[in-house]
Visitor: 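Before I ask anything, let me first share the structure, which is written out below as structure tokens.
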Amino acid sequence: MDVSYILDDLNDAQRDAVTADSTGTLVLAGAGSGKTRVLVHRIAWKIKVEGLSAYSILAVTFTNKAAREMRGRIEALLDGNVNHGMWVGTFHGLAHRLLKAHAREAGLPDNFQILDSDDQLRQLKRIHRELELDDTRWPPRQSQYFINGHKDEGRRSAHIDDFGGDHYLSTMLKVYRRYEEVCRQQGVIDFAELLLRALELWRDNPAILDHYQQRFKHVLVDEFQDTNAVQYAWLRLLTSKGMAMTAVGDDDQSIYGWRGARIENIQQFSKDIPNTQIVRLEQNYRSTGTILKAANALIANNSQRMGKELWTKGEDGDKIALFAAFNEQDEARFVTDRIDELLRDDYRRSDIGVLYRSNAQSRVLEEYLIRAGVPYRIYGGQRFYDRLEIKNALAYLRIIALRDDDTAIERVINTPTRGIGNRTVEILREYARQHQLSLWRSAVAIIENGMLPARAGNALRSFLSLIEDLSAQCQDLPLDEQVSITIDKSGLIAFHEKEKGEKAQARVENLQELITAARGYSSEDEEAEPLRAFLDQAALDAGDQQADEHEDSVQLMTLHSAKGLEFPAVFIVGVEENLFPHKMSMEDPERLEEERRLAYVGITRAEQKLYLSYAESRRLHGQESFNSLSRFVREIPNELIDEVRINNTVTRPSSYAQSTTTSQQAAAASIGFGLGQRVLHSIFGAGVVISFEGQGASARVQVNFEDEGSKWLVLQYANLQLL
DNA sequence: CTAGCCACACTTTTT
DNA sequence: GTGTGGCTAG
């Protein structure tokens, strides 16, 4: 059999990775080095050459998009049917599949529902109210972060020590315990729970684990640097009897530490698995030599790397353009002007990516792009199935599928408003709590008992019959008609139509789009009831296909969402201290390194042209601030950078003390300090002013002290002396 | 119970 | 600048 097509067109390192015969194979795949290709070809190699059955292969990714792409490419490389029986999916999707198959053993009801982060937060808000916690002192978001953080590490409330009643910990624990209880009662599980339960399912049921261990002989993991503790433990458990595992990842592109990703898992891998072969993919097929040199130089400032240096056979290409903007408007103008120039040079709009650190930065860019008549698309942002109107529609469908879905009832019992106010819902909740019933059953009981005032009772009764009517009408109809009837009869369409503003129309359109999505939906699992399957899929898939627009447009996105993408021309805007690296991440060296990896991700998105820009003065959240050029730019060798000179603005990127512009000078004069000014503080000693913001009494300066590191000081109280 | 007003906060995001 | 949530008047 001719299998040369599997290895042709691969470089030596890629071939090593594809054909490696070790128990553990760790592929350190640099940006643009053909990572997915290696994964797909390795699967083909295992099947076609080593004779492994597709049935015994498990491939795990983080996003549905990556899973889809992998499946598509496997099909393209092998003939369509060969991959039948192969498990390819996201961690969460596979966990869901396992739990559906073994719900009882996992301690879950057969019809358990997934609680997405939005519903989780709403639930926590309710718990906070129930426990009479003051929202300002105890923000529900914090509880959410606390709970998810611990679950990502595999800890349930019972595993956490409150150190003898520490106030913060014991309060958080109280919330965590109550949350676990409510979830159990309602038969819902959140995203972190999905993974944790799947792990416990295997850990506590040796027979089930054994079944999957017999089956999966080779496990492949994509974006391995993003795995958290539970995901890694799950993989280890599955492969603990010496099955092969291939992990593909890049420690330099680990940017999700804040949501539980453990970069250490990469180092751990070769320690845990005897006979691990490490393959480095360093040849880059994406970017010019200049861009790669910049990326290499930047990332070399991080400690504790596995070590890797990108190179290309291609040309050095253009230098990196650096523009010092006067303010964020000037920066946006620079970006739009250059985009115009690129478009004149026959770049397509979709060839251009504009990346920023935080979402708030997109507004000004959008204004200027609109003014210049350049179509753009904001990539990422709110997902289709997360939109308010879509979640409302799905809530109705969920109630139709299962009356006892409390989360869904809470969401739409008074949306659109129908006279069921807080008081009535409170009575319902109380009744439900006391009698251990779902909200739906409580509502039925309360009406029968006549426990409500006439008006509220009528309102509630009409809600119940609305659902019953809807349910009866939807019986046996095709999925899209069920959706169509539901959004119409529930009054959601009318509700959103009469909302004011442009948003109203978009919301109605999204609801129409949901019908289209339902029409196009077909479950892989033909046994499952279509509505149920559709709802599960909606919970696990962001549905960004729906949000796709097809007009050729410039792509705007955060640096995080740019990971995995590439563009012939890339702009990275706002390369300023305090913004990028973000001020929330500057104190902690590990988080600073993660910011640097984010910069590395950004730079390596560019194929040919890279533009960096920063603003000497920036208005963000209504506050004006003055920041210096990002340290990340200063870590790029000078000879790779071309300073753009426009309007007599000349900048020297390599030092803090830059030429100042009039506005900065004026602001500096008004508070008495400029960037680079040496000052003396009575306690902290000598330091240098590295940025400042605000005016008058609220003016603050950031000083980098020689001994104490950098601190923000309120000017009024700091008593700084000029040196 | 609802609507309208004001205060407040605000990194990054997938499932 | 924008969205969310709490409070108050009708």
Side-chain angles (χ1 to χ4, degrees), chain A residues 60-67 89-96 114-122 125 128-129 134-136 139-141 145 148 151-152 189-195 198 223 226-228 230-231 254-261 328 355-364 366-367 379-383 385-386 388 414-426 453 455-456 459 501 503 536-544 557-564 574 578-586 591 594-595 597-599 601-602 619-623:
Chain A
V60 201
T61 65
F62 274 85
T63 65
N64 290 295
K65 193 174 153 204
T90 64
F91 277 103
H92 291 86
L94 296 169
H96 182 247
I114 296 160
L115 198 69
D116 68 26
S117 1
D118 183 49
D119 290 333
Q120 181 186 40
L121 186 62
R122 286 161 150 264
K125 280 181 186 165
H128 275 222
R129 226 171 299 143
D134 174 15
D135 276 2
T136 10
R141 279 217 173 277
Y145 185 79
N148 290 340
K151 280 196 186 180
D152 284 344
I189 64 177
D190 59 49
F191 289 129
E193 184 77 28
L194 220 39
L195 302 173
E223 303 281 13
D226 289 338
T227 50
N228 67 27
V230 171
Q231 287 159 336
S254 166
I255 55 174
Y256 288 115
W258 50 275
R259 66 178 202 214
E328 76 281 358
L355 318 183
Y356 36 82
R357 175 69 236 266
S358 81
N359 287 307
Q361 288 169 259
S362 74
R363 216 197 78 252
V364 193
E366 290 182 66
E367 268 170 33
Y379 198 95
Q382 226 196 358
R383 336 243 121 219
Y385 288 118
D386 280 346
L388 177 104
N414 199 30
T415 309
T417 48
R418 51 170 69 87
I420 304 175
N422 219 340
R423 185 79 201 98
T424 312
V425 179
E426 200 45 59
R455 208 157 91 171
K503 259 184 216 147
D536 280 339
Q537 182 248 311
L540 286 172
D541 189 342
D544 38 22
M557 67 194 81
T558 63
L559 285 143
H560 281 90
S561 28
K563 196 173 126 194
N578 293 315
L579 186 59
F580 190 29
H582 197 276
K583 62 171 143 198
M584 305 302 251
S585 301
M586 294 203 336
R591 296 179 64 183
E594 184 156 306
E595 294 277 317
R597 292 193 290 268
L598 191 56
V601 167
R619 197 171 187 79
L620 203 60
H621 309 309
Q623 260 249 94

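Below, chain A is the first sequence line, B the second, and so on; all start at residue 1.
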Visitor: Can you give me the closest heavy-atom contact between L598(A) and R357(A), atom names plus distance?
Guide: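 Minimum heavy-atom separation between L598(A) and R357(A): CD2-NE, 3.5 Å.
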Visitor: May I ask you to verify whether the side chain of S117(A) and the base of dT15(B) hold a donor-acceptor pair under 3.5 Å?
Guide: yes
Visitor: On DNA chain B, does the nearest nucleotide to L559(A) precede the nearest nucleotide to T424(A) from the 5' side, or the other way round? Give the residue.
Guide: T424(A)
Visitor: Would you mind telling me which of dT13(B), dT11(B), dT15(B) lies closest to the side-chain atoms of N64(A)?
Guide: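 Selected nucleotide (nearest to the side chain): dT15(B).
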Visitor: Check whether the aromatic ring of W258(A) stacks on the base of dT12(B), taking stacking as ring centres less than 5.5 Å apart and planes within 30° of each other.
Guide: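 Stacked: centres under 5.5 Å apart, planes under 30°.
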Visitor: Is a side-chain N or O of E223(A) found less than 3.5 angstrom from the main chain of F62(A), in a donor-acceptor match?
Guide: no
Visitor: Tell me the closest heavy-atom pair linking A459(A) and G419(A), and the distance in Å.
Guide: CB-O, 3.7 Å
Visitor: In which ranges does DNA chain B form stems of 3 or more consecutive Watson-Crick or G-U pairs, distances under 3.5 Å?
Guide: B:1-10 with C:1-10
Visitor: So, H92(A) and dT15(B): ring centres less than 5.5 Å apart, planes less than 30° off, yes or no?
Guide: no
Visitor: Which residues satisfy the side-chain hydrogen bond (donor to acceptor under 3.5 Å, both in side chains) test with E328(A), sequence neighbours excluded?
Guide: none
Visitor: In terms of ring plane angle, is the pair Y256(A) and H560(A) parallel, tilted or perpendicular, where the classes change at 30° and 60°?
Guide: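 If you compare the ring of Y256(A) with that of H560(A), the planes turn out tilted.
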Visitor: Among the candidates dT2(B), dT15(B), dT13(B), find the nucleotide nearest to the side-chain atoms of N414(A).
Guide: dT2(B)
Visitor: So, using side-chain hydrogen bond (donor to acceptor under 3.5 Å, both in side chains) as the criterion, who are the partners of D386(A) when residues are at least two apart?
Guide: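 Partners of D386(A) by the side-chain hydrogen bond (donor to acceptor under 3.5 Å, both in side chains) criterion come out as none, since no residue qualifies.
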Visitor: Would you say N359(A) places a side-chain N or O within less than 4.0 Å of OP1 or OP2 belonging to dC10(B)?
Guide: no
Visitor: What residues, two or more places apart in sequence or in another chain, satisfy side-chain hydrogen bond (donor to acceptor under 3.5 Å, both in side chains) together with N228(A)?
Guide: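 Expected list: none.
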Visitor: Output the single nucleotide from dT14(B), dT15(B), dT11(B) whose closest atom is nearest the side chain of R259(A).
Guide: dT14(B)
Visitor: Starting at the 5' end of DNA chain B and moving along, which residue's nearest nucleotide shows up first, R591(A) or R423(A)?
Guide: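 The 5'-side residue here is R423(A).
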Visitor: Please identify each residue that fulfils side-chain hydrogen bond (donor to acceptor under 3.5 Å, both in side chains) with Q120(A), with sequence neighbours left out.
Guide: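 Applying side-chain hydrogen bond (donor to acceptor under 3.5 Å, both in side chains) to Q120(A) gives Q144(A), N148(A), Y179(A), D190(A).
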Visitor: Considering only dG1(C), dT2(B), dT14(B), which nucleotide approaches the side chain of T417(A) most closely?
Guide: dT2(B)
Visitor: Does the protein touch nucleotides 3-10 of chain C at the base, only the backbone, or not at all? Give it as B, S and - per nucleotide, heavy atoms under 4.0 Å.
Guide: S-SS----
Visitor: What are the two closest heavy atoms between L559(A) and G602(A), and how far apart are they?
Guide: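 Nearest heavy atoms, L559(A) then G602(A): CD2-CA, 3.6 Å.
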